[in-house]
Peer 1: 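Have a look at this one.
Atoms considered below: every heavy atom in the structure, side chains included; atoms not considered: hydrogens, waters and symmetry mates. For this chain, numbers begin at 1 and follow the sequence in order. Because the structure is a prediction, the values reported are computed rather than measured.
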Amino acid sequence: MALSWRSWLANEGSKHLFLFFWLSLNVWLFGKTFLLYNQGLQYYYLHQMLGLGLCISRASASVLNLNCCLVLLPMCRVLLAFLRGSQKVASKKTRRLLDKSKTFHVTCGVTICIFSVLHVAAHLVNALNFSENYNEEFVTLNAANYRGEVIMSLLVPGLTGVIMVLVLFLMCTASTYAIRVSNYDIFWYTHNLFFVFYMLLMLHVSGGVLKYQTNLEEHPPGCFNPNKTLRQNLTVPKAFEELFPDYTTEPFPEDPLVPEPFVQNRFMRVCSEEPKFQSHFPETWFWISGPLCLYCVERLYRYIRSNKPVTITSVISHPSNVLEVRMVKDDFEARPGQYVILHCPRVSALESHPFTLTMCPTDTKATFGVHLKVVGDWTERFRDLLLLHSNQDTEILPIFQQRRYPKLYVDGPFGSPFEESLNYEVSLCVAGGIGVTPFASVLNTLLDGWKCYKLRRLYFIWVCRDIESFRWFADLLCTLHNKLWQENRPDYINIQLYLSQTDGIQKIIGEKYQALNSRLLIGRPQWKLLFDDIGATVGYNSSNSYGTRFEYNKESFS
């Protein structure tokens with residue numbers, strides 16, 4: 001049990017510590033704003049009119065401001081890639097927080113949805129209180145024109161609020177797993193409504209419906225105004241008789257109770273003028289303008305960087321509906337484990353998808369490539385366009401014939417957790433099916449030279465359902481295996497291939513794949529035995545019985 005707890009802290013502790021800090025910040029901001037509007041003297045008269053609805057609406061608005069600010073930052077892919085790749089963040093544990101950026105984005109989005117519901121409910125109560133508690137004494141404080149008026153929209157705040165709720169509802173429902181899997185286009189197009197949401201948010205806070213008192217010194221809340229008392233022919237409490245004899249026209253009654261706000265220990269607060277009210281300057285601008293500008297600048301930079309189409313040099317059709325696309329692009333640089341976003345206008349005008357690089361450009365070759373599995377509408381249309389003029393599985397064309405391919409734009413590269421694979425002395429790479437693509441770029445990099453990296457041993461575990469899937473990278477694995485044998489480092493890489501579904505013993509067809517056939521196992525990995533074996537071989541720390549500490553990194557398209 002203690003071992004499991006230490007392992008959890010090593011891999012998940014920093015993430016949960018960050019989430020605890022974020023949660024504490026939300027709670028503090030909500031409580032601080034709630035108390036301000038509940039006890040603040042400048043909101044005394046407004047709170048008397050609206051009650052608890054005022055406090056909840058403003059407290060939830062402060063939480064919305066914070067999360068509308070934070071939700072954009074995890075989507076700044078260039079910034080995250082810079083922080084990870086430039087080693088500005090020295091700690092590996094801290095860098096792993098960057099890999100959780102998508103999770104944090106979803107968390108902020110869910111928080112926005114929850115507090116939007118609370119904010120809307122509180123403002124509905126406020127609209128009712130504005131109508132029922134119409135203040136005839138301080139007319140400028142009212143949002144209604146008369147008592148009992150049905151306040152439908154409050155002009156700009158109400159109208160923009162209704163549209164924002166509709167936009168948020170579309171974005172929230174289209175982000176569910178079922179819709180993303182069944183029809184990704186719906187998720188993509190509705191999610192891009194975020195720009196409309198932010199524009200409406202800036203207009204939403206410009207209504208100035210809620211007002212605060214500005215002259216607290218001249219008019220302390222609840223003070224006594226003797227001039228107004230005489231004008232209205234009201235009875236003056238006996239406690240005020242001695243202090244204001246000039247205002248007395250008849251004997252004071254003996255029975256009126258003196259409220260606490262007026263007299264405390266024979267001290268009376270007297271106001272010299274009527275209260276003055278003023279609308280708040282919108283605070284939302286301060287919260288969202290910085291992240292929104294940062295995100296817009298990054299999107300502009302990414303558009304300029306990816307505006308030049310790439311040249312497709314070859315298209316290879318692999319077994320099990322896998323397509324390999326090799327490309328070249330001027331001044332394109334990438335590191336093993338990174339991913340790019342492909343955009344083909346003939347497939348979709350706005351839609352684009354991330355794919356992990358399986359081949360990175362080096363000093364000797366400028367070619368880079370991706371492997372994509374044809375599983376959806378976008379990939380099906382993309383495959384049909386690429387193989388439109390070819391009846392063969394492999395099509396390699398000279399440069400002057402490349403015009404037959406559709407225009408393809410590449411945005412990236414962007415950072416991913418697999419960049420850390422070469423930063424450990426020992427790495428255990430576990431992949432299932434097409435999930436092997438991040439490790440393919442690592443293997444390709446090691447094929448060009450492994451001595452310049454910190455990595456000294458690589459365990460490669462690949463699980464597939466059918467035997468043909470191993471042919472995607474069988475040539476690469478065999479070439480790397482033979483190279484390491486020639487350099488007298490056969491222990492540098494430990495390859496284990498698992499075939500999870502089979503009716504009997506099978507082999508990868510081809511004489512050159514004999515080295516892989518000897519490493520082909522039937523069934524699924526026995527993880528406990530596997531980790532114990534690695535721990536016994538590598539052990540040098542104090543995290544388990546063998547002294548080996550495992551740090552977990554998982555693929556994530558931030």
Peer 1: Please work out whether the ring planes of Phe332 and Phe368 are parallel, tilted or perpendicular, with thresholds of 30° and 60°.
Peer 2: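 Parallel, since the angle between the ring planes stays under 30°.
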Peer 1: Measure the spacing between CD1 of Ile288 and CG of Leu70 and express it to the nearest 0.5 Å.
Peer 2: 12.5 Å
Peer 1: Does Lys276, at its NZ atom, have more than 12 non-hydrogen atoms belonging to other residues, nucleotides or ligands within less than 6.0 Å?
Peer 2: no
Peer 1: Rounded to the nearest 0.5 Å, how far does CG of Leu128 lie from CG of Leu50?
Peer 2: 10.5 Å
Peer 1: Gly109 and Val71: which non-hydrogen atoms are nearest, and at how many Å?
Peer 2: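 Nearest pair, atom of Gly109 first, then Val71: N-CG2, 4.1 Å.
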Peer 1: Minimum heavy-atom separation for Thr190 and Met171, please, with both atom names.
Peer 2: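 Minimum heavy-atom separation between Thr190 and Met171: O-CG, 3.3 Å.
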Peer 1: Does the ring of Tyr405 carry Arg326 above it, NZ/CZ under 6.0 angstrom from centre and within 45° of its axis?
Peer 2: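 The answer is no, since Arg326 fails at least one limit relative to Tyr405.
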Peer 1: Can you tell me how far apart CZ (Phe34) and CD (Gln39) are? Round to the nearest 0.5 Å.
Peer 2: 9.0 Å
Peer 1: Spell out, as yes or no, whether a donor-acceptor pair under 3.5 Å connects the side chain of His343 to the backbone of Glu351.
Peer 2: yes
Peer 1: Within this structure, what is the CD-CG distance for the pair Gln48 and Leu54, rounded to the nearest 0.5 Å?
Peer 2: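 Here the interatomic distance stands at 12.0 Å.
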Peer 1: Answer yes or no: is there a donor N or O on one side and an acceptor on the other, between the side chain of Tyr339 and the main chain of Pro438, under 3.5 Å?
Peer 2: no
Peer 1: What do you reckon, are the aromatic ring centroids of Tyr295 and Phe194 less than 6.0 Å apart?
Peer 2: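 Here the rings of Phe194 and Tyr295 have centres that are less than 6.0 Å from each other.
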Peer 1: Between Thr284 and Met202 (side chain of the first, backbone of the second, donor and acceptor by atom type, cut-off under 3.5 Å), is there such a pair?
Peer 2: no
Peer 1: Take a 6.0 Å sphere around CH2 of Trp285 and say whether it holds more than 12 heavy atoms from other residues, nucleotides or ligands.
Peer 2: no
Peer 1: Are there more than 12 heavy atoms of other residues, nucleotides or ligands under 6.0 Å from atom CG of Asp331?
Peer 2: no
Peer 1: Hey, which of Arg302, Arg299, Lys308, Arg77 is the one that makes salt bridge (charged side-chain N to carboxylate O under 4.0 Å, His left out) with Asp411?
Peer 2: Arg302
Peer 1: For Tyr37, run the ring pair (Phe, Tyr, Trp, His ring centres under 6.0 Å) check against Phe30, Tyr43, Tyr44 and tell me which one passes.
Peer 2: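 The ring pair (Phe, Tyr, Trp, His ring centres under 6.0 Å) with Tyr37 is passed solely by Tyr43 among Phe30, Tyr43, Tyr44.
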Peer 1: If you compare all heavy atoms of Thr33 against all heavy atoms of Ser62, which two are closest, and at what distance to 0.1 Å?
Peer 2: OG1-OG, 3.3 Å
Peer 1: Tell me if the OH atom of Tyr189 is crowded by more than 12 foreign heavy atoms within 6.0 Å.
Peer 2: yes
Peer 1: First locate atom CG of Leu201, then atom CG of Leu168, and finally report the distance between them rounded to the nearest 0.5 Å.
Peer 2: 10.5 Å
Peer 1: More than 12 non-hydrogen atoms from neighbouring residues, nucleotides or ligands closer than 6.0 Å to CD on Glu380, yes or no?
Peer 2: yes
Peer 1: Would you call the rings of Phe187 and His191 parallel, tilted or perpendicular, taking 30° and 60° as the class edges?
Peer 2: tilted
Peer 1: Nearest 0.5 Å, what's the CZ-CG distance between Phe382 and Leu342?
Peer 2: 6.0 Å
